[in-house]
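Chain identifiers are assigned alphabetically (A, B, ...) following the order of the sequence lines, protein sequences preceding nucleic acid strands; residue numbering begins at 1 within each chain. Being a predicted model, the structure only gives us computed values, none of them experimental.
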There are 2 protein chains.
Amino acid sequence: MIPHAGIIVLADSLLFYIIYFLSILFLIKKNNCLKKKISIHDLARELKISATTISFVLNGKATEKRISSEVETKILEYIQKVGYKPNLVAQSLRTGKSKIIAMLVESIDDSFFASIAKVIEVTAYKLGYKVFFASTENETEKAKQLIRLFRDRQVDGFIIAPPPGIEKEITALLEDNCPVILFDRHLPTITTTNVLIDNFDGAFSATNHLFENGFKKIAFVTLDSTQSQMQARLDGYQKAIKQAGTVSKILKLSYNLLHTEISEKIKEFLQKNKQLDAVLFATNYLALGGVDAINQLNLKVPENLAIIAFDDDLIFQLLSPSVTAVAQPVQEMSEEVIKQLMKSLAVEDQSAQQKETIILKTKLIVRKSAINFSSVKNLRTAG
Amino acid sequence: MIPHAGIIVLADSLLFYIIYFLSILFLIKKNNCLKKKISIHDLARELKISATTISFVLNGKATEKRISSEVETKILEYIQKVGYKPNLVAQSLRTGKSKIIAMLVESIDDSFFASIAKVIEVTAYKLGYKVFFASTENETEKAKQLIRLFRDRQVDGFIIAPPPGIEKEITALLEDNCPVILFDRHLPTITTTNVLIDNFDGAFSATNHLFENGFKKIAFVTLDSTQSQMQARLDGYQKAIKQAGTVSKILKLSYNLLHTEISEKIKEFLQKNKQLDAVLFATNYLALGGVDAINQLNLKVPENLAIIAFDDDLIFQLLSPSVTAVAQPVQEMSEEVIKQLMKSLAVEDQSAQQKETIILKTKLIVRKSAINFSSVKNLRTAG
DNA sequence: ATAATTTGTGAAAACGTTTGCACAAATAAA
DNA sequence: TTTATTTGTGCAAACGTTTTCACAAATTAT
């Protein structure tokens with residue numbers, strides 16, 4: 001009896017181990033987000049039709065490949081029934097296309113970029129694309145890494161608001177025949193499709209608006225940046241100043257300041273320059289820093305100081321007084337970007353495609369912060 | 001001479017066509033974002049070492065698989081030299097893992113979600129993951145579609161701020177052994193890891209803060225929503241009201257209103273209820289609508305009406321007067337979410353892993369909009 | 001000396017598609 | 001009737017990995 005029992009125990013525990021081992025294997029296999037999904041070969045087996053034919057039908061090549069309509073409908077109905085969806089990763093591997101586009105912006109936090117991103121996302125989705133977003137923080141190194149990363153992920157194309165110094169990487173992308181659309185900023189040495197706004201005119205008009213409303217001593221608060229869009233805004237301001245025959249006053253802040261640092265610098269600037277009666281801010285967050293500074297100095301807007309911001313934001317409407325802003329045509333811009341990208345994606349050879357530069361006009365949203373008070377006077381110099 | 005020339009011409013044009021055809025083929029092959037990258041087999045050929053061995057070394061299994069250290073260093077050096085990077089798509093196909101995690105939030109525009117997203121993105125990146133973001137707009141149908149979409153993309157896990165009615169899809173994910181971390185909201189019927197804040201306590205404390213500052217008639221403006229976090233905020237408010245022995249006044253707004261519609265409704269509400277001397281807003285954008293309404297009614301904050309917002313935002317600091325807000329611990333929350341997700345990803349069997357519910361405390365950021373003025377009086381009832 | 005084990009490596013299958021090519025059957029042309 | 005063409009379909013290779021299994025050589029045990 002005893003050896004007998006021993007054998008049974010052995011057999012038992014062996015069975016146990018086998019089951020245990022198999023279940024481990026099973027779990028490992030299942031440890032992704034898919035239940036065992038049907039493949040095109042499963043369909044082939046069920047329908048007794050080759051995977052090739054099914055693939056043709058799925059890719060709309062039924063007529064081109066002269067698949068009979070009976071077979072076609074049979075396939076389509078079955079697919080409908082079982083809810084088959086092709087494995088995108090396998091598709092990607094085979095075709096080299098990922099149906100993913102990468103979008104690099106300065107910061108996805110920023111309302112301007114967030115709005116653009118949203119429009120692009122929904123449009124791209126309708127066209128069968130997903131969009132990967134990432135923030136460069138305007139740092140060259142980070143942008144390089146991101147381009148590298150997305151390339152490894154086999155994205156089909158790029159939408160980039162380029163930080164400075166990224167020319168080489170973008171040229172490399174174009175040479176590898178990878179579509180790139182630049183927007184918001186211009187890189188003079190790169191020839192690819194560009195979607196821009198007329199920054200010069202935006203700043204020029206805004207400055208003139210201040211003159212027309214009786215303000216005389218207009219400062220410009222901007223970033224210490226050589227980027228084209230910042231340069232153009234500065235040029236627009238200076239053109240207007242020159243035309244009015246008055247004198248410019250410019251504060252350049254370095255790039256990566258925190259909100260509190262920005263407002264601190266602007267506060268100092270305003271205290272040192274009490275002759276000013278208006279300020280044009282080169283970006284929305286500089287304007288927000290300015291508002292903070294103005295509040296701290298207990299200045300009245302626009303009686304003591306008028307302000308205009310570049311890039312509109314919901315907050316400008318809510319502040320009291322509300323803030324006049326140079327609005328970028330977000331919707332139009334987004335549509336243009338995606339349109340251009342799709343055009344590039346459809347084309348075999350990027351170098352053969354002709355590159356466009358699209359320049360859109362800004363719109364001045366007039367609010368109280370820069371409005372015409374008949375009795376404009378600068379109470380600060382008086383005080 | 002003439003037939004001779006003809007043959008030459010024929011040969012010429014034939015060659016031309018062959019070259020043309022080949023170049024077309026070449027371009028089609030190149031029409032993704034990769035120049036012809038080296039594969040593991042290319043390495044194998046160059047090094048005269050099998051792809052298997054190289055793969056082992058690459059995946060850190062050198063010792064486990066007892067690869068000799070000479071071979072290992074030889075491989076590593078060569079890889080370094082030529083800058084080889086494995087094809088992630090192929091890896092994904094073979095392993096079923098994508099190193100992508102999906103994050104579904106209400107709206108990526110919203111500053112609360114945007115901040116969380118940012119922290120999660122950088123943390124995930126350090127851990128070798130990319131994050132796909134998408135906005136549900138709190139619509140069940142859209143969320144379902146997105147889950148479906150991401151599943152097709154073989155994401156490894158989900159981070160979701162769940163809209164109502166999404167229980168079934170989430171259960172399905174969990175059953176398929178796909179890690180899901182819920183945050184911001186709670187779904188009572190789902191047992192998975194949850195990262196939440198103490199909404200009840202946040203609203204309770206905020207309301208009490210108003211009482212302590214001498215305000216007596218406190219209203220609550222919220223969404224007409226059954227979602228747990230909204231319910232908890234309401235409960236917190238009512239508990240405080242009850243405890244103070246006063247009476248509650250609640251405005252419930254429907255979900256998808258525009259900013260202007262929100263402020264319009266609040267304006268009506270305030271006009272109908274002139275006895276109120278304070279309002280607690282259940283979300284940041286409701287508070288912004290409220291600020292707009294208050295501006296339009298020319299009310300003084302906090303003299304006529306004190307306000308507190310749920311969810312802090314830079315704008316609350318900039319508005320004048322600045323707005324007191326219940327701040328969510330964004331950093332802490334994000335870290336907890338990603339920590340929990342990584343824990344889940346590391347585990348074979350999701351159903352075996354024990355699920356935690358983490359509840360974090362809010363912090364009341366006291367600003368001017370709800371501050372204690374000794375001479376508090378409600379000028380509106382007087383007027 | 002033979003057998004068993006360890007050590008280090010490679011061959012080949014698999015993941016799920018797409019696509020070049022082959023090919024049989026049906027039709028048209030000779 | 002034979003040959004060429006069209007029509008409809010399927011085989012098998014390829015995309016670039018990972019991983020199971022096999023196996024030869026070196027070492028150790030018998």
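Look at Ser39(B) and you won't find any side-chain N or O under 4.0 angstrom from OP1 or OP2 of dG16(D). Remark: Gln91(B) is not in phosphate contact with dG16(D), judged by side-chain N or O atoms under 4.0 Å from OP1 or OP2. A close approach under 4.0 Å does occur between a side-chain nitrogen or oxygen of Tyr84(B) and OP1 or OP2 of dT17(D). Considering only side-chain N and O atoms, Asn87(B) lies nowhere under 4.0 angstrom from the phosphate OP1 or OP2 of dC15(D). Within the 4.0 Å cut-off from OP1 or OP2 of dT18(C), not a single side-chain nitrogen or oxygen of Lys61(A) is found.
Taking 3.5 Å as the limit, the base of dT19(C) and the side chain of Thr52(A) contain a donor-acceptor pair of atoms between them. Between the side chain of Arg66(B) and the base of dT7(C), no donor-acceptor pair under 3.5 Å is found.
As judged by a 4.0 angstrom heavy-atom cut-off over every strand, Ser55(A) is placed among the base-contacting residues. Across all strands, Ser68(B) comes closer than 4.0 Å only to sugar-phosphate atoms, never to a base (heavy-atom distances). Across all strands, Leu88(A) comes closer than 4.0 Å to no nucleic acid atom at all (heavy-atom distances). Looking at heavy-atom distances under 4.0 Å, Val89(A) makes no contact with the nucleic acid at all.
In this pair, Phe158(B) and Phe150(B) present their aromatic rings perpendicular. The plane angle is above 60°, beyond the 30 to 60° band.
Cation-pi check for Lys61(B) over Phe56(B) is not met; the charged atom does not lie both under 6.0 angstrom from the ring centroid and within 45 degrees of its normal.
A salt bridge links Asp152(B) with Lys37(A): the distance from a Lys NZ or Arg NE/NH1/NH2 to an Asp or Glu carboxylate oxygen falls below 4.0 Å. Taking a cutoff of 4.0 Å between a charged side-chain nitrogen and a carboxylate oxygen, Lys339(B) and Glu356(B) do not qualify as a salt bridge. For the pair Arg66(A) and Glu72(A), the salt-bridge criterion is not met [side-chain N within less than 4.0 Å of a carboxylate O].
Between the P atom of dT9(C) and the CD1 atom of Ile75(B) lies a distance of 8 Å, rounded to the nearest Å. If you measure from atom NZ of Lys65(A) to atom C1' of dT6(D), you get 15 Å, rounded to the nearest angstrom.
Both Leu93(B) and Thr53(B) sit near DNA chain D, but only Leu93(B) has its closest nucleotide nearer the 5' end. Heavy-atom distances to DNA chain D give each of Asn59(B) and Ala90(A) a nearest nucleotide, and the one nearer the 5′ end belongs to Ala90(A).
The Phe56(B) side chain lies nearest to dG10(C) when the options are dT9(D), dG10(C), dG10(D).
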